[in-house]
Amino acid sequence: MVSRRRYIKTLISLFLGGIIGYHYLYRFLLGKSKVVADKKLPFPVSGDFKFEIFSTAMAQPLQVKRKWKRHWVMIIDLERCDGCALCTASCNIEHGVPNGQTWIKIYVIKETPLRVTYFLPRPCMQCENAPCVKVCPVGANYYNEDGVVMIDKDRCIGCRLCMAACPYGARYFNWENPSFPAERNEEHYPESYHPRGVVEKCMFCVMELNKGKLPPCVLGCKMRALYMGDLYEDAASNGVETVKISELLSKRFSFRLFEELGTEPRVIYLAPLKSKPSITYPLKP
Amino acid sequence: MQETETAERNLDVLFKPLTSTSKQFYLFIGLLISFVLLGVFAWYIQLTHGLIVTGMRNTVFWGVYETNFVFFIGISHAGTLLSAILRVTNTEWRRPVTRIAEAITVFALIFAVLQVIFSLGRPERIFNVLFYGRIESPLLWDFISVTTYLVGSLTFLYLPLIPDIALCRDKVAEKTGFLKRKLYRVLSLNWRGVEEQRRSLEKAIGIMAILIIPIAVSVHTVVSWVFSMTLRVGWHSSIFGPYFVVAAIFSGIATLIIAMAIFRRVYHLEGFIKPLHFKYLGYLLLTLDLAYLYFTVSEYLTSVYGGIKADIELSRSLFLGEYALPFYTMVLFGFVIPAVLIAFPKTRTIPGIVAASLLVDIALWIKRYIIVVPTIARPLIPGAWGLYIPTWVEWSVTAGSIAGFILAFTIFSKVFPVVSIWEVSEEG
């Protein structure tokens with residue numbers, strides 16, 4: 001027999017527990033978008049919420065919440081990119097990237113079926129809300145102190161769920177033994193360490209960046225289309241010139257890839273101004 | 001007097017496989033072992049050379065192993081879920097078939113777990129899941145639910161076995177080898193069949209039967225979530241959980257019917273497993289055929305109707321493109337032929353129902369293949385479709401796994417009675 005007192009007690013504690021549980025669940029689920037919503041907008045905006053978030057972060061004098069030690073971003077000027085893939089080559093050579101992998105890959109974007117309109121280099125986006133980090137069963141994907149998505153290649157079990165989760169196709173798997181010994185090359189660790197059976201990708205060469213060196217893709221680009229910089233410092237460099245990120249972004253239209261997926265990528269594309277006429281496909285009947 | 005005589009004769013039939021073994025049996029075991037060895041050899045090659053020996057590459061990075069995983073998890077539902085539901089609803093005709101169903105679950109689950117290990121790039125690090133497990137990861141949900149299910153279904157298989165093991169200990173132990181005798185003695189847990197033991201056993205089975213149903217449902221739901229939690233076209237669908245559960249029960253019943261037919265024939269169990277059992281399970285199979293058809297139609301109709309380009313591309317490749325052959329084979333084998341075979345009384349015979357079940361199992365393997373492969377072959381980012389042709393390594397490991405599953409089941413049937421003797425004799 002359950003006494004009335006006990007029944008009421010149970011009911012009350014269940015109710016309170018429910019409220020507390022719901023509160024934490026709510027915080028857990030919606031915590032991230034709350035932070036963004038209370039920013040003041042410099043101009044009246046209506047409509048697209050997605051655009052609001054993005055424009056505030058960019059148009060304001062970069063009052064980004066200091067969550068990380070540094071906030072590395074890559075800015076890619078699609079107007080300059082001519083699709084030569086020197087960035088890919090430099091990266092592959094410098095890091096001894098295994099066969100079949102392109103940590104920075106050039107996509108040919110056709111905006112209409114007839115014309116190639118521009119090229120789109122795709123490094124790892126270093127998402128702030130990275131799907132790969134979320135799905136990793138062993139925590140081998142993690143954010144380092146700068147918020148860059150790293151892979152612990154000594155912990156990865158090679159399940160490849162992160163490859164399924166990544167919408168950008170930025171992840172690759174080491175299918176075979178490395179062509180040179182898989183020892184840790186301390187100079188370029190972790191990028192140049194390629195043990196078999198784990199997942200790899202671009203890591204923004206974050207170790208190099210923190211030593212004050214630019215990644216090989218940025219240095220290798222002959223069109224100087226790639227900028228690497230720190231959002232907190234509001235400065236980025238393509239190896240030749242150093243620009244103020246806020247100024248660069250206020251002058252040009254910019255976008256991030258698959259903004260609608262909510263991954264918050266760290267790679268910002270400056271939109272191309274015109275299509276690349278030299279590589280227009282011939283009209284097919 | 002007449003009654004007890006027939007009962008004795010029946011029991012002898014059930015004990016016979018435990019004491020005598022025919023020549024063909026050894027031949028069959030030899031055949032299975034050779035397939036298993038082939039699989040082991042292929043896995044050895046894969047371990048030494050890396051996953052490069054499979055057909056998987058960076059675009060299509062999952063393939064036959066994941067298909068097998070979902071397939072084995074699927075047939076594992078035969079069992080426990082079905083027998084638990086039949087027990088809870090106190091369905092009398094269940095008695096001779098529950099043991100087979102429960103055993104399928106245990107062995108299928110073990111081989112499902114093996115598929116995941118085959119697929120890993122670093123199988124030796126599997127225990128990282130224990131040390132560094134992250135609860136946010138769908139794979140960890142899988143790990144938790146599958147291990148729970150394994151423990152649960154082992155218990156669920158073992159509990160109703162205890163009185164039968166005690167029977168074996170008392171009746172056939174002297175005719176068997178030392179090892180079996182010892183096994184019976186230890187596993188029978190000093191079962192004497194007294195009223196108190198009986199009561200607590202019935203209670204335990206009752207509790208397990210209720211507990212195991214939500215666990216079984218959660219397992220296949222979570223397996224589907226591994227796919228649907230990603231943002232991929234064709235996977236990112238809220239219907240996946242129930243869709244997979246229905247598919248699992250569908251293929252589970254089919255496997256149960258096949259196993260029943262084989263044991264009935266080989267061990268002469270015609271007196272226990274009757275045409276009626278095939279008929280009832282056949283009806284259940286037909287029901288799930290229709291339920292699965294319903295889910296399939298709503299899944300594909302939703303994806304093509306809106307006309308989103310990525311969805312259309314994927315559907316086109318299934319309906320008209322490079323996956324059309326497996327797709328229509330699946331439709332024919334999984335939906336049309338089984339439904340016709342079971343719907344008409346003329347073909348609703350044991351051979352007809354078993355044929356339908358075989359087709360359903362083949363169709364659902366193909367279905368899992370065309371769930372896994374086309375979706376990852378088409379990346380979200382614009383680009384070329386990936387190509388995937390499984391190599392001999394993957395096929396050998398698959399063949400070895402299926403042979404291993406049958407082998408484990410066969411050995412089980414030589415050690416324990418495949419029909420629950422005490423439950424059958426209680427049938428009233």
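Just the heavy atoms: all of them, side chains too, but no hydrogens, waters or symmetry mates, feed the values below. Letters A, B, ... are given to chains in the order of the sequence lines, protein chains preceding strands, and every chain is numbered from 1.
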With a sphere of 6.0 Å drawn around NZ of A:Lys134, does it hold more than 12 non-hydrogen atoms of other residues, nucleotides or ligands?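 Counting neighbours around NZ of A:Lys134, 12 or fewer heavy atoms of other residues, nucleotides or ligands fall under 6.0 Å, so no.
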Crowded around B:Ile389 CD1? As in, over 12 foreign heavy atoms under 6.0 Å? no
Looking at chain B, which one of [options] has the largest number of heavy-atom pairs inside 4.5 Å, strictly under?
options                                : value
A:Val138, A:Leu261, A:Val198           : A:Val138
A:Ala165, A:Gly100, A:Cys136, A:Gly139 : A:Cys136
A:Cys166, A:Gly158, A:Ala164           : A:Ala164

Could you tell me which portion of A:Tyr107 (side chain, backbone, both or neither) has an atom closer than 4.5 angstrom to a non-hydrogen atom of chain B? side chain
For the residue pair B:His220 and B:His77, categorise the inter-ring angle as parallel (less than 30°), tilted (30 to 60°) or perpendicular (more than 60°).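 Perpendicular, since the angle between the ring planes exceeds 60°.
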In terms of heavy-atom pairs under 4.5 Å with chain A, the winner among B:Arg57, B:His236, B:Glu124 is B:Arg57
Looking at B:Pro379, B:Pro123, B:Gly121, B:Gly50, which has the largest count of heavy-atom pairs under 4.5 Å with chain A? B:Gly121
For B:Val226, is it the side chain, the backbone, both, or neither that has a heavy atom closer than 4.5 Å to a heavy atom of chain A?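 Looking at B:Val226, backbone and side chain both touch chain A.
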In terms of heavy-atom proximity below 4.5 Å to chain A, should B:Leu47 be classed as side chain, backbone, both, or neither? backbone
List in chain and number order the residues that pass side chain to side chain contact (heavy atoms under 4.5 Å, CB included) with B:Phe319, two or more places apart in sequence or in another chain; answer none if no residue qualifies. B:Tyr300, B:Val304, B:Ser315, B:Phe327, B:Tyr328
Should A:Gln101 and A:Asn174 be marked as a side-chain hydrogen bond (donor to acceptor under 3.5 Å, both in side chains) after you check the CA-CA gap, both sets of side-chain angles, and the distance that decides it? CA-CA 9 Å; A:Gln101 305 188 14; A:Asn174 288 338; 2.7 Å; yes
Can a side-chain donor-acceptor contact be found between [Y] and [X] if the only test is distance below 3.5 angstrom?
X        : Y        : answer
B:Thr398 : B:Tyr65  : no
A:Asp77  : A:Tyr269 : no
B:Tyr149 : B:Ser218 : no

So, is the end of the A:Arg160 side chain (NZ or CZ) under 6.0 Å from the ring centre of A:Phe173 and within 45° of the ring's axis? yes
Chain A-proximal positions within residues 131-143 of chain B [heavy-atom distance under 4.5 Å]: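 Residues in range: B:Tyr132, B:Gly133, B:Arg134, B:Glu136, B:Ser137, B:Pro138, B:Leu139, B:Leu140.
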Could you walk me through whether A:Glu176 and B:His49 pass the side-chain hydrogen bond (donor to acceptor under 3.5 Å, both in side chains) check? CA-CA 7 Å; A:Glu176 53 190 327; B:His49 290 75; over 6 Å; no
